[in-house]
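Here's the structure, in structure tokens; my notes come after.
Only a predicted model underlies this, so the values are computations on that prediction, with no experimental measurement involved. Values reported hereafter were calculated over all heavy atoms of this structure, with side chains retained and with hydrogens, waters and symmetry mates removed. Note on naming: letters A, B, ... go to the chains in the order of the sequence lines (proteins, then strands), and numbering restarts at 1 for each one.
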Protein chains: 2
Amino acid sequence: MPRQRSLRQLEELLLHNDYRFTPQRRAIIEVFFDDGSGHLSAEDIYHQVRDKLPDVGLATVYRTLDILENLNVLHKLNFGDGRFRYEINQEGLHHHHHLVCLQCGQVSEVKTDLLNDLEEKIAREHGFNIVDHSLKFYGHCAACNKK
Amino acid sequence: MPRQRSLRQLEELLLHNDYRFTPQRRAIIEVFFDDGSGHLSAEDIYHQVRDKLPDVGLATVYRTLDILENLNVLHKLNFGDGRFRYEINQEGLHHHHHLVCLQCGQVSEVKTDLLNDLEEKIAREHGFNIVDHSLKFYGHCAACNKK
DNA sequence: GTCTGTGCAAAGGGTTTGCATTGTC
DNA sequence: GACAATGCAAACCCTTTGCACAGAC
């Protein structure tokens, strides 16, 4: 099982779903491959895409992000800072959590997932069928602690 | 230790912090006492306050919510539906989690907190000083499952 | 050639801010 | 009576939408 889909695979995914594989969409996907930091806002992506394709419109970015989210290529994140952020869905990276630094705003990831027990308990006690979860820790990151 | 502060105590809290205890602020706080459901949006509060004080402005609601959040009277929540929601902070209700139904939008609460171990581990491994956390489960609630 | 995708600009929705007026301390 | 708080409306920010044009199949 591949850890991350290739550009080629994503092209096929789009075409199989009756979407066209345009230069704009290609460039937007490439931004996610190029940028390792993850957690990109629409504006971040817009600026990076415009380095390659200077005429791209912000609306195109939003429309593409929407498609990619629906195809489960991207995950839409909300850290409460007034804008949505997107990260690429990678197999094996399911259910990681986020550390949001309240000082510098940096978001890092925790791989651990100890929520399975809790999920079972909730499903049992509340009759709630869990599809997804979101766990965020807010605090002060190592770098800010040193200041 | 009281489970919930009284109106009187909140009045003193405001005055001690050089804020005035106006009828508007009183009415806004009362909304939280009257409404048991919790998770109120600014608009929800605005409408309920206007039943008592018809001339209140939405801006006043936002400004008051902001003050009460800073005084740790309220907790600002984000369920990703495009608006912030507020719940009153009660002692003993620290760190409860939310179940967000993807069908009907209803938000209910889970009292369990099994995150202490995980928090310690994260603080140790990442040097991240945790101040708060947010855990949300998305899925289908018992009522929607029956439909 | 058809019809999806694009860019632009305008609209939308929640939240914030400026300012003259009101009213609390 | 000073100055914080209010109400109104405009401004803001991110996101969505309408529309005519461009371009992929």
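- No engagement by A:D66 is indicated, since no non-hydrogen atom pair under 4.0 Å with the nucleic acid exists.
- Side-chain proximity of A:T60 to the nucleotides C:dG7, C:dG14, D:dT15 is greatest for C:dG7.
- At whole-Å resolution of the value, CZ in B:R26 and P in D:dT6 are 14 Å apart.
- When the side-chain nitrogen and oxygen atoms of A:T22 are compared with OP1 and OP2 of D:dA24, none of them lie within a distance under 4.0 Å.
- With rounding to whole Å, B:N17 atom CG is found 15 Å from D:dA4 atom C1'.
- Looking at B:E87 and B:L74, their side chains never come closer than 4.5 Å, going by heavy atoms from C-beta outward.
- Comparing atom distances between the A:A59 side chain and each of D:dA5, C:dC8, C:dT17 picks out C:dC8 as nearest.
- Note: CZ (A:R85) to C1' (D:dT15) measures 15 Å, nearest angstrom.
- Note that OG1 of A:T60 is 10.5 Å distant from CG of A:L53, once rounded to the nearest 0.5 Å.
- Atom C1' of nucleotide C:dG5 and atom CD1 of A:I29 are separated by 14 Å, given to the nearest angstrom.
- If you find the closest nucleotide of DNA chain C to A:Y46 and to A:R25, the one lying nearer the 5' end belongs to A:R25.
- For the pair B:K76 and B:Y86, the NZ or CZ position fails the cation-pi test of under 6.0 Å to the six-membered ring centre and within 45 degrees of the ring normal.
- Residue contacts for B:R83: at a heavy-atom cut-off of 4.0 Å it reaches the sugar-phosphate backbone alone, with no base atom in range.
- Separating the CG atom of B:L14 from the C1' atom of C:dC25 is a distance of 14 Å, rounded to the nearest angstrom.
- Among the nucleotides D:dT17, C:dC25, D:dC14, the one closest to any side-chain atom of B:R20 is C:dC25.
- Contact annotation for A:R63: base contact, defined as any heavy-atom pair under 4.0 Å involving a base atom.
- Listed nucleotides: D:dG7, C:dG7, D:dT16. Nearest to the side chain of A:K76: D:dT16.
- Using a 4.0 Å heavy-atom criterion, one finds that B:Q24 contacts the sugar-phosphate atoms exclusively.
- Counting only heavy atoms from C-beta outward, the side chains of B:R50 and B:D55 never approach each other to under 4.5 Å.
- Between the CG atom of A:D55 and the P atom of C:dT6 there is a distance of 13 Å, given to the nearest Å.
- In this structure, B:Y138 and A:S134 have side chains that are in contact, with non-hydrogen atoms separated by less than 4.5 Å.
- The residue among B:Y86 and B:P23 whose nearest nucleotide of DNA chain C lies closer to the 5′ end is B:Y86.
- The CZ atom of A:F21 sits 11 Å away from the P atom of C:dT6 (whole-angstrom rounding).
- Of the candidate nucleotides C:dG14, D:dT15, C:dG7, D:dT15 has the atom lying nearest to any side-chain atom of A:A42.
- The distance between atom CD1 of B:I67 and atom P of D:dT6, rounded to the nearest whole Å, is 7 Å.
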